[in-house]
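Before any comments, here is the structure.
In each ligand, atom 1 is the first atom listed, and ligand 1 is the first ligand listed.
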Amino acid sequence: MFSIVILGGGWAGLVYALELRQRFPGTDVLVIDKLTRLGGLLRSEIVNGFTFDIGGSHVIFSSNREILSKMLNFLNNGFVKHERRSFIRIGNALVLYPLENGLYALPLEDRVEALITFLEAQISRMADWKPRNLNEWIHGFFGKWIAEKYLVPYNRKVWKRDLGEIDVDWVYTPGRLPIPNWRDVVKSAMGIITIGYSEQAVFYYPSIGGIQSLYNGIAREIQSLGVKFLSGYVIESIRRVGDEWVINGKIKARSIVSSIPLNELVTYMDAPESVIRSSRRLDYNRVFVIGVALNKPAPNQHWVYVPSDDVVFHRYAWISNYSPHNAPRGRSSLLLEITIPRWETVNEEDLMNKALRDLVRLGVVNEGDVLFTKYWLHEYGYPVHTIESNRARDEVISWVKEQGITLIGRWGCWRYWNTDKIYEDIIKRMSLKP
Ligand SMILES: Cc1cc2nc3c(=O)[nH]c(=O)nc-3n(C[C@H](O)[C@H](O)[C@H](O)COP(=O)(O)OP(=O)(O)OC[C@H]3O[C@@H](n4cnc5c(N)ncnc54)[C@H](O)[C@@H]3O)c2cc1C
């Protein structure tokens, strides 16, 4: 019997295992994952000398210095530091991200309109104003011009939901949508360059092996601490027998920590019908990632957000600029990201071809530049914080907690969290409860 079994060996599962073993070295820990090649969303693949992060463009950043330094330590100095060069594509113009700081690049009439409507929003907001949904939050903080030209179409494209149905709890997470500083906005509209959103103004990336190296770094550390792994093992049933847990009728544990998707977890636990019904309301988008290898160098850009709804992807990232080892010399590579609502089926080949056509139409590449492409579809890409889904999440989590299971990570907690926020949450829990 194991003291603790961790369900899911993605980033969250490994962070939990590490922090646990460092605090309680004698604890017997097993991590189980259904994948044979571990890494969850942090997996990378090297194809013909090109490194692709198959879960989409991932970079390392955090406003929490302690967490950032823990993460960089896993890379053992094997990382590249970058000053972010990201853009938003408004029409044919590339405006420096975040838009409220890049306004200076827009034509004068647009700058004036953006500034006037931004200031109108600040003046008309009451001190006790509370946005009820994402649509209100965007208009209330950014004003009509920035909302209509960028934030509303972009968020509609990522979430594929009516923004009036999306809760605002996640936007207050550090590193998510930051509230703009009005002084920055005025300066930028007047033509002065400002930085804004400083926690991601600098980011880090592994020198070799793509984002998977971050995962491999922590995996090496916990293996050296004696944590056991069981990979290629699908969890299908979790039962309480006396004072122990039994997984798939075979593996026994005193306690369980879960990072696997919450909606699936409760079906393995024989939960009451009311909990299963709530779990079906947990909302999410799949993510389709396309890697494009190119026979030409990359421009001086990291990633570009594309709000326009006549382009199928919402972001393209020049991943070859993240590390010189990500592509052969003189060549470059892109990652394109497309979200797909959980209920929609897609023809992957068609979607990839459409994305390539859009890329050519935007003038980002010429057809003749493309050496090869590859794509990956992930069932779980983005938890969608609809008001309805958040309510369901709280109901399901409260039942799972009553059973004595600890929930961690993006899918265990059903929150739109990045690696740093997941780490922070795990440390917070451990400090509260040994
Ligand atoms: C497009 C995109 C871009 C992102 N960019 C960034 C970024 O720049 N920086 C950043 O910090 N974060 C980024 N993230 C977020 C980051 O990927 C996640 O926060 C993190 O990887 C989540 O880790 P996790 O362990 O919670 O989930 P996962 O990585 O999904 O791990 C869950 C694990 O559970 C396993 N599992 C599921 N069901 C079962 C079962 N029944 N039996 C056994 N095992 C099971 C899965 O195989 C998986 O390995 C991005 C995410 C996406 C989608």
Side-chain angles (χ1 to χ4, degrees), residues 5-17 30-44 53-64 67-68 71 82 84 86 158 173-176 199-200 203-205 210-212 214-215 218-219 229-238 247-248 251 257-269 284-290 302-303 313-317 319 322 335-340 376-384 407-426:
V5 170
I6 299 176
L7 313 181
W11 173 252
L14 268 53
V15 167
Y16 196 94
L30 173 71
V31 179
I32 305 180
D33 202 290
K34 67 179 178 187
L35 297 173
T36 42
R37 237 198 90 224
L38 295 175
L41 284 166
L42 302 183
R43 279 172 294 157
S44 307
D53 294 336
I54 73 168
S57 156
H58 278 73
V59 299
I60 302 168
F61 65 95
S62 185
S63 56
N64 183 325
I67 301 287
L68 182 62
M71 286 169 64
H82 291 283
R84 181 193 61 212
S86 302
V158 173
T173 304
R176 288 294 169 219
E199 59 238 40
Q200 216 194 69
F203 71 86
Y204 302 82
Y205 187 82
I211 199 67
Q212 175 103 40
L214 175 68
Y215 179 88
I218 185 170
F229 281 86
L230 182 56
S231 55
Y233 190 86
V234 183
I235 297 148
E236 285 165 336
S237 108
I238 303 163
I247 298 157
N248 290 5
I251 300 167
V257 173
S258 176
S259 67
I260 66 173
L262 187 59
N263 55 341
E264 295 191 9
L265 174 75
V266 291
T267 65
Y268 309 145
M269 289 179 71
Y284 68 96
N285 280 343
R286 285 180 278 151
V287 65
F288 187 62
V289 178
I290 304 168
H302 289 120
W303 59 86
F313 44 84
H314 60 264
R315 176 165 78 150
Y316 59 90
I319 187 181
Y322 294 8
L335 285 177
L336 317 180
E337 294 162 351
I338 302 168
T339 53
I340 302 166
W376 303 268
L377 178 63
H378 304 274
E379 178 62 23
Y380 294 98
Y382 295 83
V384 183
L407 296 171
I408 55 167
R410 190 172 175 106
W411 301 107
C413 299
W414 213 268
R415 284 179 190 272
Y416 179 38
W417 281 345
N418 271 352
T419 51
D420 62 325
K421 179 64 197 152
I422 289 173
Y423 210 139
E424 214 173 67
D425 177 65
I426 288 173

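Leu7 CG to Leu407 CG: the interatomic distance, rounded to the nearest 0.5 Å, is 9.5 Å. Remark: Tyr380 OH to Arg286 CZ distance equals 10.0 Å, nearest 0.5 Å. Annotation: the span from Leu214 atom CG to Ile60 atom CD1 amounts to 4.5 Å, rounded to 0.5 Å. Atoms CH2 and CD1, on Trp417 and Ile408 in that order, are 10.0 Å from each other to the nearest 0.5 Å.
In this structure, Tyr205 and Ile211 approach most closely via the heavy-atom pair OH-N, 3.6 Å.
Annotation: Val287 places no N or O atom under 3.5 Å from an N or O atom of ligand 1; distance criterion only. Checked against a 3.5 angstrom limit, the closest N/O atoms of Trp417 and ligand 1 fall inside it. Not a single N or O atom of Ser259, backbone or side chain, sits closer than 3.5 Å to an N or O atom of ligand 1. By the 3.5 Å distance cut-off applied to N or O atoms, Gly13 is not counted among the residues near ligand 1. Inclusion of Gly39 in the set of residues having an N or O under 3.5 Å from an N or O of ligand 1 is not warranted. Considering backbone and side-chain N/O of His58, one or more are found under 3.5 Å from N/O of ligand 1. Considering both main-chain and side-chain atoms, Ala12 comes within under 3.5 Å of ligand 1 through a nitrogen or oxygen pair. The shortest N or O to N or O distance between Trp11 and ligand 1 is below 3.5 Å. The shortest N or O to N or O distance between Lys34 and ligand 1 is under 3.5 Å.
In this structure, Tyr380 falls outside the shell of residues with a heavy atom less than 4.0 angstrom from ligand 1. Ligand 1 lies within reach of Tyr233, whose nearest heavy atom is under 4.0 Å from it.
Between the side chains of Ser237 and Asn248, not a single donor N or O lies within less than 3.5 Å of an accepting N or O.
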Task: Stepwise side chain to side chain donor-acceptor pair (under 3.5 Å) check, Ser44 with Tyr215 - done: CA-CA 10 Å; Ser44 307; Tyr215 179 88; over 6 Å; no

TODO: Before giving the answer on side-chain contact (heavy atoms from CB on, under 4.5 Å), spell out for Asn263 and Trp414 the whole-Å C-alpha distance, their side-chain angles and the decisive distance to 0.1 Å.
DONE: CA-CA 9 Å; Asn263 55 341; Trp414 213 268; 3.5 Å; yes

- [ ] Please assess Trp11 against Ile218 for the test side-chain contact (heavy atoms from CB on, under 4.5 Å), listing each intermediate value before the final yes or no.
- [x] CA-CA 9 Å; Trp11 173 252; Ile218 185 170; 3.9 Å; yes

Task: Chi angles and distances behind the side-chain contact (heavy atoms from CB on, under 4.5 Å) call for Tyr204, His82 - done: CA-CA 6 Å; Tyr204 302 82; His82 291 283; over 6 Å; no

- [ ] Please lay out, stage by stage, how Asn64 and Lys421 fare under the test side-chain contact (heavy atoms from CB on, under 4.5 Å).
- [x] CA-CA 9 Å; Asn64 183 325; Lys421 179 64 197 152; over 6 Å; no

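Under a 4.0 Å criterion applied to the non-hydrogen atoms of Gly381, ligand 1 contributes the atoms 53 (C). Atoms of ligand 1 lying under 4.0 Å from any heavy atom of Gly40, numbered from 1 in the order shown and given with element: 29 (O), 49 (O). Listed by atom number, the atoms of ligand 1 under 4.0 Å from Gly55 heavy atoms are 1 (C), 2 (C), 52 (C), 53 (C). Listed by number with element, the atoms of ligand 1 under 4.0 Å from a non-hydrogen atom of Tyr382 are 1 (C), 2 (C). Atom numbering of ligand 1 starts at 1 in the shown order; those under 4.0 Å from a heavy atom of Gly409 are 26 (O). Residue Trp411 has at least one heavy-atom neighbour below 4.0 Å for each of these atoms of ligand 1: 27 (O), 30 (O). Against a heavy-atom cut-off of under 4.0 Å, Pro261 is close to the following atoms of ligand 1: 37 (C), 38 (N). Close contacts between ligand 1 and Glu337 involve ligand atoms 1 (C) [criterion: under 4.0 Å to a heavy atom].
The option with the heavy atom closest to atom 13 (C) of ligand 1, from among Ile211, Asn418, Asn285, is Asn418. Checking Thr36, Asp53, Asp33 against atom 46 (C) of ligand 1, the nearest heavy atom belongs to Asp33. Counting heavy atoms only, Ile260 comes closest to atom 38 (N) of ligand 1 of the residues Leu7, Val158, Ile260, Thr339. Counting heavy atoms only, Val59 comes closest to atom 9 (N) of ligand 1 of the residues Val59, Thr419, Ile54. Distances from atom 5 (N) of ligand 1 to the heavy atoms of Ala317, Ser62, Ser57 put Ser57 nearest.
Counting only distance, with no hydrogens or angles, the side chain of Glu337 and the backbone of Ser57 share a donor-acceptor pair below 3.5 Å.
Classified by interplanar angle (parallel below 30°, tilted 30° to 60°, perpendicular above 60°), the ring pair Phe203/Trp303 is tilted.
Across Leu42, Leu335, Val59, a single residue satisfies side-chain contact (heavy atoms from CB on, under 4.5 Å) together with Asp53, and that is Leu335.
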